[in-house]
Amino acid sequence: AITDPRYLEPATQLCGSAGSIGANLCEGYARLSPGDRIRFYEYALGSAAETKNWYLKIRRTLPDVILAERFALLHSITRLTLAMIRSERAKLPPKSTSPRRRS
């Protein structure tokens, strides 16, 4: 448990951002359109980046081995989420490269 009051707010934020990763992945997975899934997967990606930031802020309170494990896990989550985003983008219709004519 974190007893130093300076770390209470960062620890609270860390818990929120870490919980948001899974919540956004689940929310995206349940969506029907690739565009909606991409949006929530990108939210999860942002939450993973935010979680890394909060871990850096409280790193003095954690053993190095725990911190290394958490960063390795976040790295894996980031890689998998990026792969999911790429997969969903491949399902989107191609964008038109020619400008539209106005009548």
Side-chain angles (χ1 to χ4, degrees):
I2 295 176
T3 56
D4 188 331
R6 294 175 297 169
Y7 295 111
L8 186 57
E9 177 64 21
T12 302
Q13 293 291 333
L14 169 66
C15 290
S17 64
S20 180
I21 299 168
N24 281 303
L25 288 173
C26 289
E27 181 80 17
Y29 188 79
R31 296 298 169 144
L32 297 177
S33 75
D36 283 344
R37 282 192 292 273
I38 291 167
R39 182 166 29 100
F40 282 97
Y41 293 164
E42 287 175 341
Y43 294 157
L45 198 58
S47 293
E50 182 183 353
T51 301
K52 290 176 194 176
N53 179 61
W54 290 116
Y55 268 117
L56 286 172
K57 292 190 183 329
I58 65 165
R59 68 184 174 270
R60 291 180 186 90
T61 67
L62 297 171
D64 289 341
V65 67
I66 297 292
L67 200 58
E69 289 172 357
R70 303 286 167 80
F71 276 114
L73 180 59
L74 286 165
H75 179 71
S76 293
I77 289 169
T78 298
R79 288 183 57 216
L80 289 168
T81 305
L82 286 169
M84 292 163 69
I85 291 168
R86 279 191 298 274
S87 174
E88 292 302 320
R89 283 191 178 142
K91 297 174 185 176
L92 292 173
K95 291 184 178 180
S96 173
T97 56
S98 60
R100 289 189 178 193
R101 289 184 162 180
R102 293 185 176 174
S103 27

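Across Phe40 and Glu27, no two heavy atoms sit closer than the pair CE2-CG, 3.1 Å. Across all their heavy atoms, Thr51 and Ala18 have their closest contact at OG1-N, 3.3 Å. Across all non-hydrogen atoms, the minimal contact from Gly35 to Leu92 is N-CD2, 4.0 Å.
Contact annotation: the side chain of Gln13 approaches that of Glu50 to within less than 4.5 Å [non-hydrogen atoms, C-beta and beyond]. You'll find the side chain of Thr81 stays beyond 4.5 Å of the side chain of Ile21, heavy atoms only. Residues Phe71 and Leu56 form a side-chain contact, since some pair of their non-hydrogen atoms from C-beta on lies under 4.5 Å apart.
A distance of 11.5 Å separates NZ in Lys52 from OG in Ser17, rounded to the nearest 0.5 Å. Here the straight-line distance linking atom CZ of Arg70 with atom CD1 of Ile77 works out to 11.0 Å at 0.5 Å rounding. Within the model, atoms CG of Leu62 and CG of Leu14 stand 8.0 Å from one another, a figure rounded to the nearest 0.5 Å. Separating the CE atom in Met84 from the OH atom in Tyr29 is a distance of 8.5 Å, to the nearest 0.5 Å. Between the CG atom in Leu80 and the NE2 atom in His75 there is a gap of 9.5 Å [rounded to 0.5 Å]. Once rounded to the nearest 0.5 Å, the distance linking CG of Leu8 with CD1 of Ile58 reads 11.0 Å.
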Worksheet item: Would Leu25 and Tyr41 count as a side chain to side chain contact (heavy atoms under 4.5 Å, CB included) if you check the C-alpha gap in whole Å, the side-chain angles of each, and the deciding distance to 0.1 Å?
Response: CA-CA 6 Å; Leu25 288 173; Tyr41 293 164; 3.9 Å; yes
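Between the side chain of Thr78 and the backbone N or O of Leu74, at least one donor-acceptor pair lies under 3.5 Å.
The residues Glu88 and Lys91 are annotated as salt-bridged, a charged nitrogen and a carboxylate oxygen being separated by less than 4.0 angstrom.
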